[in-house]
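Report on one structure; see the data block that follows.
Along the sequence shown, the residues carry numbers beginning at 1. For ligands, and for the atoms within them, numbers begin at 1 and follow the listed sequence.
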Amino acid sequence: MTHVWRGASVTRLMPSEESVELMSLVEDFAARELAPRAAEAEATATFPRDALAALGELGILGLPFEGQYGGGEQPYEVTLQALEEISRAWMSIGVSVSVHYLACFPLANFGTTEQRGRWLAEMIGGRLLGAYCLSEAHSGSDAAALSTRAVLDGDEYRVTGTKAWITHGGRADFYSAMVRTSDEGARGITCLLVDGAAAGLSSAPPERKLGANASPTAQVIFDDVHVPVDRVMGSVGGGFTVALAALDAGRLGIAACAVGLAQAALDAASDYARERKQFGRSIAEFQGVSFMLADMATAVTAARALYLDAARLKDAGLPFGTMAAMAKLAATDAAMKVTTDAIQVLGGAGYTQDFPVERYFREAKALQIVEGTNQIQRMVIGRALAQPRSGS
Ligand SMILES: Cc1cc2nc3c(=O)[nH]c(=O)nc-3n(C[C@H](O)[C@H](O)[C@H](O)COP(=O)(O)OP(=O)(O)OC[C@H]3O[C@@H](n4cnc5c(N)ncnc54)[C@H](O)[C@@H]3O)c2cc1C
């Protein structure tokens, strides 16, 4: 049976009546509580922790996780569309939610029943906010070269090193951190769930970025942090597998954030083009403008279809990593192009801070870099094409 949801910007076919209601709830919350605050918070680099707490209370921070632990048990197809609507209102919040999912992923998917019973409900219930720590100053794209060291000492690890570029760095309540437990390259990495209040854990001041400054990005410093061995997620030495599996799902989240951002830019540009008159006519009537808007709408719609296709593979339990890389690549490149063209449609007005499109343009750039640059996505896709065909 088809369930139709008609949003302010997009009409969607949803898999259940419950998901239709969820989309309305999210759109309403985003329009009332997020969109009006975005410009000011971005300009003043203010992290809206209260908005994330409210999303936690609404169940949004646990949407894709198991019901047994208080999660929403929604398929990715639904989770991502909710994320897209949040990002249409305020991209930094969409990224925060996506990063929180990424941080919960190791425990939810690799934790033992005992570990999940102890920590998962608090995390996906949104009372706690998570961060995902993989990158370091000298290991970005080459993530397996990380050097933050964890040395076993009795029944705990003692962790020392510095993680770089960490979203929610210094603000998170827990960190899913990839650390080096031996010198065996990618097989010497272990994932630890680290308490944000642990002694010896600190953060540098947030980076001063081109955009998305309401989303804090900071170095996280581990100075002889003691982490009990029961906080290993998955196996010792299996942390890189955990990290990559989390990123496959995370890239779908970033794709949805990019589509939400691009949709916001398209909406702003088409609204403006209908109103603005030159040569006695609305500029939307000029083919030069109307073709630009047509290309923008097509790029947004194609990117949405691609992330949904990848999400449905994931929901069906099929391999989806290559499709996730394609979705991240296509959606974030589309967001960059669409936000750039939105400025062009607004002319001089688009270049000022009186309209949101210059901010969207600055925010789009980050999405081409995070969770694997778009060069790395092409590498992932290219590697899959170099394998014998398997239908996935
Ligand atoms: C706003 C923001 C938030 C972030 N949040 C997090 C977070 O929460 N957690 C986390 O762990 N990390 C986070 N990151 C880090 C992000 O994942 C890295 O910046 C990214 O993986 C790239 O690493 P790098 O910056 O070291 O660039 P480098 O790896 O140094 O790359 C520099 C350039 O070289 C290219 N390049 C590198 N290797 C290759 C190759 N083999 N082939 C072709 N081109 C290549 C890259 O594509 C890029 O253009 C964040 C980054 C930003 C900007």
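Residues Arg362 and Glu42 are not paired through a salt bridge, judged by the lack of any N-O separation under 4.0 Å between the basic side chain and the carboxylate. The pair Asp341-Lys337 counts as a salt bridge, with a side-chain nitrogen and a carboxylate oxygen less than 4.0 angstrom apart. Residues Arg88 and Glu27 are paired through a salt bridge, judged by an N-O separation under 4.0 Å between the basic side chain and the carboxylate. Checked for salt-bridge contact, Glu84 and Arg304 meet the test: a charged N lies under 4.0 Å from a carboxylate O. Here Asp183 does not pair with Arg180 in a salt bridge; the nearest charged N to carboxylate O distance is not below 4.0 Å.
The single protein non-hydrogen atom nearest to atom 39 (C) of ligand 1 is Ile376 CD1, 4.0 Å, given as residue, atom name and distance. If you check which protein heavy atom lies closest to atom 52 (C) of ligand 1, you get Val370 CG1, 3.6 Å. Ranking protein heavy atoms by distance to atom 37 (C) of ligand 1, first place goes to Ser141 OG, 3.5 Å. Given atom 8 (O) of ligand 1, the protein heavy atom at minimum distance is Thr167 N, 3.0 Å. Distance from atom 16 (C) of ligand 1 to its nearest protein heavy atom, with residue and atom name: Ser135 OG, 3.9 Å. For atom 25 (O) of ligand 1, the nearest protein heavy atom (residue, atom name, distance) is Trp165 NE1, 4.2 Å. Distance from atom 9 (N) of ligand 1 to its nearest protein heavy atom, with residue and atom name: Tyr132 O, 2.8 Å.
Considering backbone and side-chain atoms alike, Ile166 places every N or O at 3.5 Å or more from each N or O of ligand 1.
Looking at every heavy atom in both residues, Ala30 comes nearest to Glu85 through CB-O, 4.1 Å.
Counting only heavy atoms, the protein never gets under 4.0 Å from atom 32 (C) of ligand 1. Checking atom 35 (C) of ligand 1 against the protein gives no heavy-atom contact under 4.0 Å. Closer than 4.0 Å to atom 44 (N) of ligand 1 lies at least one heavy atom of the protein.
At a heavy-atom cutoff of 4.0 Å, ligand 1 is contacted by the side chain of Thr373 but not by its backbone.
Glu136 and Ser147 share a side-chain donor-acceptor pair at under 3.5 Å. Judged by distance alone, the side chains of Ser135 and Lys163 never bring a donor and an acceptor atom under 3.5 Å apart. A donor atom on one side chain and an acceptor atom on the other are found under 3.5 Å apart for Arg12 and Gln81.
The option from Ala366, Ala243, Gly250, Gly140 that lies nearest to atom 24 (P) of ligand 1, judged by heavy atoms, is Gly140. Heavy-atom proximity to atom 40 (C) of ligand 1, evaluated over Met379, His138, Glu363, Gln375, is greatest for Met379.
Annotation: the span from Leu128 atom CG to Leu120 atom CG amounts to 10.5 Å, rounded to 0.5 Å.
Per-residue contacts place Ile369 under 4.0 angstrom from the following atoms of ligand 1 (heavy atoms of the residue considered): 19 (O), 20 (C). Near Glu371, meaning under 4.0 Å from any of its heavy atoms, are these atoms of ligand 1: 17 (O).
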